[in-house]
There are 2 protein chains.
Amino acid sequence: MPFRLSTRGHYAVLIMYELARSGESFSSLQDISASQRLSQRYLEQIVRPLRQAGLVQGKRGFGGGYVLAREASAITVGEIVRAVEGPVVPVECVADGSTPERCPDDCKAKSVWQKVGEAIDNVLDSITLEDLVRDDIEQPASSKGGQFCDK
Amino acid sequence: MPFRLSTRGHYAVLIMYELARSGESFSSLQDISASQRLSQRYLEQIVRPLRQAGLVQGKRGFGGGYVLAREASAITVGEIVRAVEGPVVPVECVADGSTPERCPDDCKAKSVWQKVGEAIDNVLDSITLEDLVRDDIEQPASSKGGQFCDK
DNA sequence: TCTAATCCTATTATTATGGTAGGATTAGTT
DNA sequence: AACTAATCCTACCATAATAATAGGATTAGA
């Protein structure tokens, strides 16, 4: 189906959401993956680009884990997704490095995909981690345990 | 690269664009694929769901081909993409048949993906084939030949 | 020194993508 | 009637991306 987000982007947002809920204290991936059936090993791979992008800070050794590198209000979902998955580019010919030979300037469909990309970025950039956490407070969860999607 | 559209959706729009330009006369896939290096056999597969969705009308035999089943102004890019690729569902848990066990009701990220999906649909549904063709008339192409993207 | 944790680099199974291929059917042309 | 251009239908396949798994190195608190 079109315009799919892979599990990497999906899980990345969920990890960041958990970190935002944990506030200042370091959360281990073991804890984050424990409440769900997600592989800790897989989450390690997903966290790496988040760290490299300066969105989280890792602390090694006993008692280590991750914290948000910034306030939750200063981190958008868009930053998270792009850090893990790269830029939002629905179709090749809209990408930065796309050669004009592969897509002539007068390609009319191009503007459609550009608009789609912008619309996606707009939505993602308009939502911060704080927004996600606040919603959680406003309408308290009826079910205990994790709030992750999918497996 | 998140939120990608596959070549099927991409090519489907380009096919429909060509049919919109051809007006009432039947255009063969051979003609449409000839100006580009797209496989006619592959286009056949892409056109089928368009026909099944009632967007185009096929005519067999010598001199056959395809025409738009409706006016270009009554066909949106969204219809085309969804006919070929299925509904716009960025993440599984937002899909219609998604089981609640796989995604609890209180999943906060869910609302994000729903908003993204709606934003994409809004853009795609706001653009008709006529819009694409009209843009083409307004700024006449400097290059002759096809205006397709990618290979 | 033990252990819990982050880090780093491969490897792998599954799935989706992007086609190709073979043929059947339809219908105009000669 | 034969030929040919086209749509139709079904299956198959090679490659790439996805989604993990795995082995191990490093760090640092207890």
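To find a chain, count down the sequence lines: A is the first, B the second, and so on, and within it residues start at 1. Excluded from the calculations below are hydrogen atoms, water molecules and symmetry mates; all remaining heavy atoms, backbone and side chain alike, are included. This is a predicted model, so every value here is computed, not measured.
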Separation of [N] [atom2] from [X] [atom1] (nearest whole Å):
X	N	atom1	atom2	answer
His10(A)	dA20(D)	NE2	P	11 Å
Tyr42(B)	dA16(C)	OH	C1'	11 Å
Ile46(B)	dT17(C)	CD1	P	12 Å
Arg4(B)	dG18(C)	CZ	P	9 Å
Arg48(A)	dA20(D)	CZ	P	16 Å
Leu43(B)	dT17(C)	CG	C1'	16 Å
Leu5(A)	dA17(D)	CG	P	17 Å
Phe26(B)	dA27(C)	CZ	P	12 Å

Answer whether the closest heavy-atom distance between the side chains of [X] and [Y] falls below 4.5 Å.
X	Y	value
Leu43(A)	Tyr66(A)	no
Met16(B)	Leu50(B)	yes
Val13(A)	Leu132(A)	yes

Original post:
Any side-chain N or O of Thr7(B) less than 4.0 Å from the OP1 or OP2 oxygen of dG18(C)?
Top reply: yes
Original post:
Do any side-chain nitrogens or oxygens of Ser39(A) fall under 4.0 Å of OP1 or OP2 in dA20(D)?
Top reply: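 For dA20(D), OP1/OP2 do not have a side-chain N/O of Ser39(A) under 4.0 Å.
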Subject >> Exam field: side chain Ser39(B) to backbone Tyr42(B), donor-acceptor pair closer than 3.5 Å >> reply: yes
Original post:
Checking Ser22(A) side chain against Ser25(A) main chain: does a donor-acceptor pair fall under 3.5 Å?
Top reply: no
Pairs under 3.5 angstrom only: tabulate donor-acceptor contacts from the side chains of residues 72-84 of chain A to other protein residues two or more places apart or in another chain.
{"from": "Ser73(A)", "atom 1": "OG", "to": "Glu71(A)", "atom 2": "OE1", "distance (Å)": "3.3"}
{"from": "Thr76(A)", "atom 1": "OG1", "to": "Gly78(A)", "atom 2": "N", "distance (Å)": "3.4"}
{"from": "Thr76(A)", "atom 1": "OG1", "to": "Glu79(A)", "atom 2": "N", "distance (Å)": "3.1"}
{"from": "Glu79(A)", "atom 1": "OE1", "to": "Thr76(A)", "atom 2": "N", "distance (Å)": "3.0"}
{"from": "Glu79(A)", "atom 1": "OE2", "to": "Arg70(A)", "atom 2": "NH1", "distance (Å)": "3.2"}
{"from": "Glu79(A)", "atom 1": "OE2", "to": "Arg70(A)", "atom 2": "NH2", "distance (Å)": "3.0"}
{"from": "Arg82(A)", "atom 1": "NH1", "to": "Asp121(A)", "atom 2": "OD1", "distance (Å)": "2.8"}
{"from": "Arg82(A)", "atom 1": "NH1", "to": "Asp125(A)", "atom 2": "OD1", "distance (Å)": "3.3"}
{"from": "Arg82(A)", "atom 1": "NH2", "to": "Asp125(A)", "atom 2": "OD1", "distance (Å)": "2.9"}

Under-3.5 Å N/O pairs linking protein and nucleotides 3-6 of chain C:
{"from": "dA5(C)", "atom 1": "OP2", "to": "Gln30(A)", "atom 2": "OE1", "distance (Å)": "2.4"}
{"from": "dT6(C)", "atom 1": "OP1", "to": "Leu29(A)", "atom 2": "N", "distance (Å)": "2.8"}

**OP:** Measure up the Trp113(A) and His10(B) rings against each other and bin them: parallel (under 30°), tilted (30 to 60°), perpendicular (over 60°).
**Re:**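 The arrangement is perpendicular - the two ring planes meet at more than 60°.
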Subject >> Which nucleotide in dT18(D), dC9(D), dG18(C) has an atom nearest any side-chain atom of Arg8(A) >> reply: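 Taking heavy atoms from C-beta onward, the closest nucleotide is dT18(D).
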**OP:** Decide whether Val91(B) and Val89(B) are clustered together by the hydrophobic rule: side chain heavy atoms of Ile, Leu, Val, Met, Phe, Trp, Tyr closer than 4.5 Å, transitively.
**Re:** no
Subject >> Distance in Å, Arg4(B) CZ paired with Glu85(A) CD, rounded so as to fall on 0.5 Å steps >> reply: 10.5 Å
With 3.5 Å as the limit, what N/O pairs link the protein to nucleotides 13-15 of chain C?
none

